[in-house]
Trainee: 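Below is a structure I'd like to ask you about.
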Amino acid sequence: MKIFTICALCLAILPIFGFSAAGCSARPQQEEYITIGALLPLTGGGSDEGLRALNGLQLAKEEINARGGILGKMLDIIVLNDRGDEEYIVQQYNELKERGVAAIIGSSYSGPTMALAEASEKDGIPIISPTASNPLVTVGRRNIFRSIFIDDYQAEVMAYFAYLSLGAETAVVFINRDFNTYIQAAGVFTESFSSLGGHVIAREFFSSEEEFPSLLSKYAENPPAVIFCPEDFIPAAILVNSAHELGLSDTYLLGSDAWDGLLTYVYNPEAMERVFYSAPFSFDDETPQVVQFVRDYFSSFSQMPLTGSATAYTCVYILAEAIAIAGSTNRDDIVSAMKTMELETLLGKIRFDENNNPQINVYAIQIRDGQYSTFEKMSLQSLREQRTLREQSRR
C-alpha cells in the first residue's frame, strides 16, 4: 500500500492529484478544471478503509483525465481527512464548500456520512458515499446518494444465502446493541431467515467483542448451522478467532460488507474455512470491466482492490457521468441527472431507487488459501424469484 501523510489542508495529497500549491489556498480555476471533493478517514481506526477508497479515487481520476476529462475540462479532486469524526467532518465539509466543489464523495462510515448529509441538505451539494450502508443516510434527502447497497438489502440476501445455498436450518444472530444500523440489519436477517423456513434459536446482544467467548460457549455442545453478525472487520475477526478456539467447526459464520479486510486480523487460516460475508464487489469477477480495473489497480498500488476501492472508484464515474449529462456543474442539475441516469459500472448496472440507493449484485465472499474469492454472486430480485418458484412448486 502507498503511504500518505495527511495535514490539515491535505498538502501531502496534492502530488497524487496534481494540484498546484496555489490550488490548495485558493479556488481552482474553473476554466481549466471541474473540481469535486472527497472526505475520507485517512487517519485513526478507520484509516484502512479511507486509504483503500483514496486509491480508487486516484485511479478513476487518472483514467477520466486520460480520456479527455469531463466537458472538455480536467477532473480535479480535493481530498480532506475527516478522521472518521462526526463533528470534524462538518468542518472539513465547510472547507470544501468554500472551495466551490461541484460534488463530494464521502464518507466511508455511516456515522460521519450522516453528519455530512445533515450539513449539506440546505446547500444541496451532491454527496455520494462509497461504503456508508445505513439506510437512514439517504432517506428523505434529495442530494445524498451511495454506490453500495444498504444494510437491509444485504442482510436479506445473506438470509437467502444461508437457507438456500448453505442449507442452514438454524441460526443464532449476534447483535451489537450500541449501533442501531446493526440492530436493524440483524432484524431483517432474522425475519427473512424465519420466513424462508429457518429457525433463529437466539439473538445474542453484546457491547464488546470481549463478550464473544462467553456467548459462543453457550453453543459449543449444540451449535447452530450459522451465526450471523453484522459488524466491522476487526470485531468480526475476533469473532472468527474465538469460534475457532472454541471448536465451532461445523458452524458457518456470516457477516456483512464491513467484514471486508478481516483476513489481516485472523491469525489461524483454518478459522476461515466456514466464513462468508456479503460484498458489492469481488476482484475475481470475470466481467471485462472488473478484470481491467483489477489489472490497473494492482499495477498502480501493488495490491488487490477490496470493496472500498471499487465503490470509491465507481463514485467518481457516477459523478463524472452526471456532470456530463447535466452539461454543467450546477448542483441541482447534477442531482437531477443522478436520479434518472443508468450507468454500467464495476458493481453492475446502477440506477438509483426512490431513496437514492442502488440495487446491485451481492457477492458471498469466502477466504480460501489466504485469498478472498467469490463463492456465489446473487441479486435480491433473482433470489425472491427463486423463492416464489419454490413456493409454487410445493402447492
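Source: prediction; values computed, not measured. Positions are given from 1 along the sequence.
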Trainee: Please check this pair: side chain of Ser208 against backbone of Glu211, looking for a donor-acceptor N/O pair closer than 3.5 Å.
Mentor: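 No.
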
Trainee: Provide the full list of side-chain hydrogen bond (donor to acceptor under 3.5 Å, both in side chains) pairs with a residue in residues 164-177, sequence neighbours left out, each pair given once.
Mentor: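 Residue pairs passing side-chain hydrogen bond (donor to acceptor under 3.5 Å, both in side chains), neighbours aside: Ser165-Glu376, Asn176-Glu231, Arg177-Ser207.
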
Trainee: Has Ser382 got a side-chain atom pairing as donor or acceptor with Ser379's backbone, closer than 3.5 angstrom?
Mentor: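 Confirmed, Ser382 side chain pairs with Ser379 backbone.
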
Trainee: Measure the shortest side-chain to side-chain distance between Thr251 and Arg274 over non-hydrogen atoms and say whether it is less than 4.5 angstrom.
Mentor: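 No, side chains not in contact.
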
Trainee: Going by side-chain hydrogen bond (donor to acceptor under 3.5 Å, both in side chains), name the residues that satisfy it together with Ser217, two or more places apart in sequence or in a different chain.
Mentor: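 Ser217 satisfies side-chain hydrogen bond (donor to acceptor under 3.5 Å, both in side chains) with no residue once adjacent residues are dropped.
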
Trainee: Less than 4.5 Å apart, side chain to side chain, heavy atoms only: is that true for Val290 and Thr287?
Mentor: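 They are in contact (side-chain heavy atoms under 4.5 Å apart), so the answer is yes.
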
Trainee: If you define the side chain from C-beta out and look only at heavy atoms, does anything of Gln58 sit under 4.5 Å from Phe301?
Mentor: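 A side-chain contact under 4.5 Å exists here.
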
Trainee: Step by step, would you call Phe281 with Thr314 a side chain to side chain contact (heavy atoms under 4.5 Å, CB included)?
Mentor: CA-CA 11 Å; Phe281 168 81; Thr314 300; over 6 Å; no

Trainee: Heavy atoms, side chains only, cut-off 4.5 Å: are Tyr219 and Glu204 in contact?
Mentor: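 Side-chain contact under 4.5 Å: yes.
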
Trainee: Taking Val90's backbone N and O only, do any of them form a donor-acceptor pair with Asn94's side chain (distance below 3.5 Å, no angle check)?
Mentor: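 Yes; at least one donor-acceptor contact below 3.5 Å.
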
Trainee: Starting at OG of Ser147, measure out to CD1 of Ile350 and round the result to the nearest 0.5 Å.
Mentor: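 Here the rounded value is 6.0 Å.
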
Trainee: Could you tell me whether Arg142 and Glu121 have a side-chain N and a carboxylate O separated by less than 4.0 Å?
Mentor: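 Answer for the salt bridge query: no.
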
Trainee: Side-chain donor-acceptor pair under 3.5 Å between Ser192 and Ser195, yes or no?
Mentor: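 Absent: no donor and acceptor within the cut-off.
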
Trainee: Specify whether Phe189 and Phe193 have parallel, tilted or perpendicular ring planes, treating 30° as the upper limit for parallel and 60° as the lower limit for perpendicular.
Mentor: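 Phe189 vs Phe193 ring planes: parallel.
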
Trainee: Okay, side chain of Thr43, backbone of Arg83: is any donor-acceptor separation there less than 3.5 Å?
Mentor: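 Not a single qualifying donor-acceptor pair exists.
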
Trainee: Could you walk me through whether Val335 and Asp333 pass the side chain to side chain contact (heavy atoms under 4.5 Å, CB included) check?
Mentor: CA-CA 5 Å; Val335 169; Asp333 291 345; over 6 Å; no

Trainee: Less than 4.5 Å apart, any side-chain heavy atom of Gln184 and any of Asn134?
Mentor: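 No, side chains not in contact.
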
Trainee: Testing Gln91, Gln92, Lys97, Arg99 for side-chain hydrogen bond (donor to acceptor under 3.5 Å, both in side chains) with Glu95, which one passes?
Mentor: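 Of all the options given, the one that passes is Arg99.
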
Trainee: Go through the side-chain N and O atoms of Gln292 and Arg295 and say whether any donor and acceptor fall under 3.5 Å apart.
Mentor: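 Yes - a donor-acceptor pair under 3.5 Å links their side chains.
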
Trainee: Is the Phe149 ring parallel, tilted or perpendicular to the Tyr153 ring (thresholds 30°, 60°)?
Mentor: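 Aromatic pair Phe149/Tyr153 classed parallel.
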
Trainee: Name all residues meeting the side-chain contact (heavy atoms from CB on, under 4.5 Å) criterion together with Glu209; count only those two or more places apart in sequence or in a different chain, and write none if there are none.
Mentor: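 Glu209 satisfies side-chain contact (heavy atoms from CB on, under 4.5 Å) with Phe212, Pro235, Ile238 only.
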
Trainee: In Å, rounded to the nearest 0.5 Å, how long is the span from CD1 of Ile234 to CG of Leu262?
Mentor: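 Ile234 CD1 to Leu262 CG: 10.0 Å, rounded to 0.5 Å.
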
Trainee: When Ile, Leu, Val, Met, Phe, Trp and Tyr are grouped by side-chain heavy atoms lying under 4.5 Å apart, directly or through other members, which residues fall in the same group as Phe179?
Mentor: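 Members other than Phe179 - counting any ILVMFWY side chain reachable under 4.5 Å - are Tyr182.
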
Trainee: Atom CD1 of Ile150 and atom CG of Asp152: how far apart are they, to the nearest 0.5 Å?
Mentor: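 Going from the CD1 atom of Ile150 to the CG atom of Asp152 covers 4.5 Å.
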
Trainee: For Ser107, is there any backbone N or O sitting under 3.5 Å from a side-chain donor or acceptor partner on Thr113?
Mentor: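 Confirmed, Thr113 side chain pairs with Ser107 backbone.
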
Trainee: To the nearest 0.5 Å, what is the distance between NZ on Lys349 and CD on Glu344?
Mentor: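 The distance works out to 5.0 Å.
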
Trainee: Do Asp260 and Tyr277 get their side chains close enough for a donor-acceptor pair, meaning under 3.5 Å?
Mentor: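 Side-chain D/A pair, Asp260 to Tyr277: present.
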
Trainee: Closer than 3.5 angstrom, by distance alone: can the side chain of Asn81 be matched with the main-chain N or O of Pro41 as a donor-acceptor pair?
Mentor: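 No, the answer is negative, given that no donor and acceptor are paired below the 3.5 Å cut-off.
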
Trainee: Is the ring pair Tyr372/Phe283 parallel, tilted or perpendicular, if the boundaries are 30 and 60 degrees?
Mentor: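 Because their plane-to-plane angle is over 60°, the rings of Tyr372 and Phe283 count as perpendicular.
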
Trainee: Can a side-chain donor-acceptor contact be found between Gln154 and Asp257 if the only test is distance below 3.5 angstrom?
Mentor: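 There is such a pair (donor and acceptor under 3.5 Å, judged by atom type) between the side chains of Asp257 and Gln154.
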
Trainee: Got a second to check how far Leu40's CG is from Ser47's OG, nearest 0.5 Å?
Mentor: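 It comes to 11.5 Å.
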
Trainee: Kindly check if the number of other-residue, nucleotide or ligand heavy atoms within 6.0 Å of CD (Gln289) is above 12?
Mentor: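 Atom CD in Gln289 is crowded, with more than 12 foreign heavy atoms closer than 6.0 Å.
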
Trainee: Can a donor-acceptor pair be found between the side chains of Asn65 and Glu62 at a distance below 3.5 Å?
Mentor: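 There is no such pair between these side chains.
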
Trainee: For Ser309 and Asn55, does a side-chain donor sit closer than 3.5 Å to a side-chain acceptor?
Mentor: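 No donor-acceptor contact under 3.5 Å links the two side chains.
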
Trainee: Working to the nearest 0.5 Å, report the span between CD1 of Ile144 and CE of Met114.
Mentor: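 Atom-to-atom, Ile144:CD1 and Met114:CE are 10.5 Å apart.
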
Trainee: Describe, in one word, how the ring planes of Tyr313 and Phe293 are oriented to each other, choosing from parallel (under 30°), tilted (30 to 60°) and perpendicular (over 60°).
Mentor: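 The arrangement is tilted - the two ring planes meet at 30° to 60°.
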
Trainee: Do the side chain of Arg331 and the main chain of Pro126 share a donor and acceptor less than 3.5 angstrom apart?
Mentor: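 Looks like no, no N/O pair under 3.5 Å.
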
Trainee: Assert yes or no for the condition that the ring centre distance of Phe233 to Tyr265 is strictly below 6.0 Å.
Mentor: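 Centroid separation for Phe233 and Tyr265: below 6.0 Å.
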
Trainee: Quick one: ring pair (Phe, Tyr, Trp, His ring centres under 6.0 Å) partners of Tyr252, sequence neighbours excluded?
Mentor: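 Expected list: Phe276.
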
Trainee: Does any part of the side chain of Leu54, heavy atoms only, come nearer than 4.5 Å to the side chain of Val79, both counted from C-beta?
Mentor: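 With C-beta onward as the side chain, the pair touches.
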
Trainee: Apply side chain to side chain contact (heavy atoms under 4.5 Å, CB included) to Phe174 and Phe228, showing your working.
Mentor: CA-CA 6 Å; Phe174 276 38; Phe228 176 70; over 6 Å; no

Trainee: Does the pair Lys73/Glu32 count as a salt bridge with the N-to-O cut at 4.0 Å?
Mentor: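 No salt bridge links Lys73 with Glu32.
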
Trainee: By the side-chain hydrogen bond (donor to acceptor under 3.5 Å, both in side chains) test, which pairs, at least two apart or in different chains, include something from residues 356-369?
Mentor: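 Pairs touching residues 356-369 that pass the test: Thr138-Asn357, Arg146-Asn357, Asp285-Tyr363, Lys339-Asn356, Asp353-Gln359, Gln366-Arg368.
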
Trainee: Are the side chain of Asn143 and the backbone N or O of Ile125 linked by a donor-acceptor pair below 3.5 Å?
Mentor: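 The answer is yes, because a donor-acceptor pair under 3.5 Å joins these two groups.
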
Trainee: When you measure from the side chain of Arg141 to the backbone N and O of Val137, does any donor-acceptor pair fall under 3.5 Å?
Mentor: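 Here the side-chain-to-backbone pair exists.
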
Trainee: Quick one: does any side-chain atom of Thr340 pair with a main-chain N or O of Ser336 as donor and acceptor, under 3.5 Å?
Mentor: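 The answer is yes, because a donor-acceptor pair under 3.5 Å joins these two groups.
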
Trainee: Consider only side-chain N and O atoms of Asp284 and Thr374, and report whether a donor and an acceptor are under 3.5 Å apart.
Mentor: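 The answer is yes; a qualifying pair exists.
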
